[in-house]
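What follows is a short report on a single structure.
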Amino acid sequence: QVQLVESGGGSVQAGGSLRLSCTASASTYSNNCMGWFRQAPGKERERVAAPDFDGRTSYADSVKGRFTISKDAAKNTLYLQMNSLKPEDTAMYYCAAEPRPLPSGSWWCLDLSDPIEYSYWGQGTQVTVSS
């Protein structure tokens with residue numbers, strides 16, 4: 001059973017920073033593609049950032065230069081450092097995982113941009129940015 005536990009959300013003023021954490025079991029961390037998603041009220045869930053096992057990363061255009069995704073293998077934890085936060089970043093943030101190899105047979109995690117492609121989700125952590 002894959003379990004993802006997010007933490008680190010909260011309320012900040014515009015321009016502030018938050019760091020989200022997603023902790024998984026060791027097997028999940030090493031055998032799954034993982035990513036950070038967000039969903040604002042009335043909007044579709046979108047992938048914010050994702051890492052691949054070869055060191056590449058992918059970011060949504062709206063967060064490039066402000067958000068940084070990183071991994072701590074020793075702690076089986078995925079982080080999302082969010083700087084220069086804007087009110088439009090307000091959303092529920094989710095960590096997601098999909099086992100590799102992917103249903104297509106690919107091993108490239110950055111190919112998974114659609115939330116429907118991920119099988120496992122955390123409970124989410126709320127981020128609220130006030131102006």
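In this text, all values refer to a predicted model and were calculated from it rather than measured experimentally.
Between the CG atom in Asp72 and the OG atom in Ser21 there is a gap of 9.5 Å [rounded to 0.5 Å]. Leu78 contributes atom CG, which lies 7.0 Å from atom OG of Ser70 (distance to the nearest 0.5 angstrom). Taking CG of Leu85 as the reference point, atom OG of Ser11 lies at 11.0 Å (rounded to 0.5 Å). Atom OG of Ser58 and atom CD1 of Ile69 lie 9.0 Å apart (nearest 0.5 Å). Put simply, CE on Met82 and CZ on Arg19 are 11.5 Å apart, with the number rounded to the nearest 0.5 Å. The OH atom of Tyr94 sits 13.0 Å away from atom CD of Glu46, with the distance rounded to the nearest 0.5 Å.
The heavy-atom pair separating Lys43 from Gln39 by the smallest distance is O-NE2, 3.1 Å. For the residue pair Pro51 and Cys109, the shortest heavy atom distance occurs at O-CB, 3.7 Å. Nearest heavy-atom pair, Thr28 versus Ala97, reported as atom, atom and distance to 0.1 Å: CG2-CB, 4.3 Å. Pairing each heavy atom of Leu80 with each of Ala49, the nearest pair is CD1-CB, 4.0 Å. Nearest approach of Ser17 to Ser84, heavy atoms of both residues: OG-N, 4.3 Å. Taking all atoms of both residues into account, the shortest heavy-atom contact from Pro101 to Gly105 is CB-O, 4.2 Å.
There is a path of hydrophobic side-chain contacts, each under 4.5 Å, that joins Tyr120 to Tyr29. Side-chain heavy atoms closer than 4.5 Å link hydrophobic residues (I, L, V, M, F, W, Y) into clusters, and following such links, even through other members, never connects Tyr79 to Tyr59. Val48 and Leu4 fall within a single hydrophobic cluster, where Ile, Leu, Val, Met, Phe, Trp and Tyr side chains are chained together by heavy-atom contacts under 4.5 Å. Following chains of ILVMFWY side-chain contacts shorter than 4.5 Å, one can reach Phe37 starting from Met92, so the two form part of one hydrophobic cluster. Hydrophobic cluster membership differs between Leu110 and Tyr118, with clusters built from Ile, Leu, Val, Met, Phe, Trp and Tyr side chains linked at under 4.5 angstrom.
In this structure a side-chain-to-backbone donor-acceptor pair under 3.5 Å is missing from Ser106 to Ser104. Asn32 places no side-chain N or O within 3.5 Å of a backbone atom of Met34 that could act as its donor or acceptor partner. In this structure a side-chain-to-backbone donor-acceptor pair under 3.5 Å is present from Ser30 to Ala26. Thr90 contributes a side-chain N or O that, together with a main-chain N or O of Val129, makes up a donor-acceptor pair within less than 3.5 Å.
In this structure the side chain of Leu20 never reaches within 4.5 angstrom of the side chain of Arg38, judged on heavy atoms. By the 4.5 Å heavy-atom criterion applied to side chains, Pro103 and Glu98 are counted as neighbours. Between Asp54 and Trp108 the shortest side-chain heavy-atom distance falls below 4.5 Å.
With a 6.0 Å cutoff to the six-membered ring centre and a 45° limit on the axis angle, Arg100 counts as a cation-pi contact of Phe53.
For Gln3, the CD atom sits in a loose shell: 12 or fewer heavy atoms of surrounding residues, nucleotides or ligands are nearer than 6.0 Å.
Of the charged side-chain nitrogens involved, at least one lies within less than 4.0 Å of a carboxylate oxygen, so that Lys64 and Asp61 count as a salt-bridged pair.
A donor and an acceptor atom, one from each side chain of Ser130 and Gln13, are nowhere located under 3.5 Å apart.
With Glu6 as reference, Trp36 is the one residue of Trp36, Trp121, Tyr93 to meet the side-chain contact (heavy atoms from CB on, under 4.5 Å) rule.
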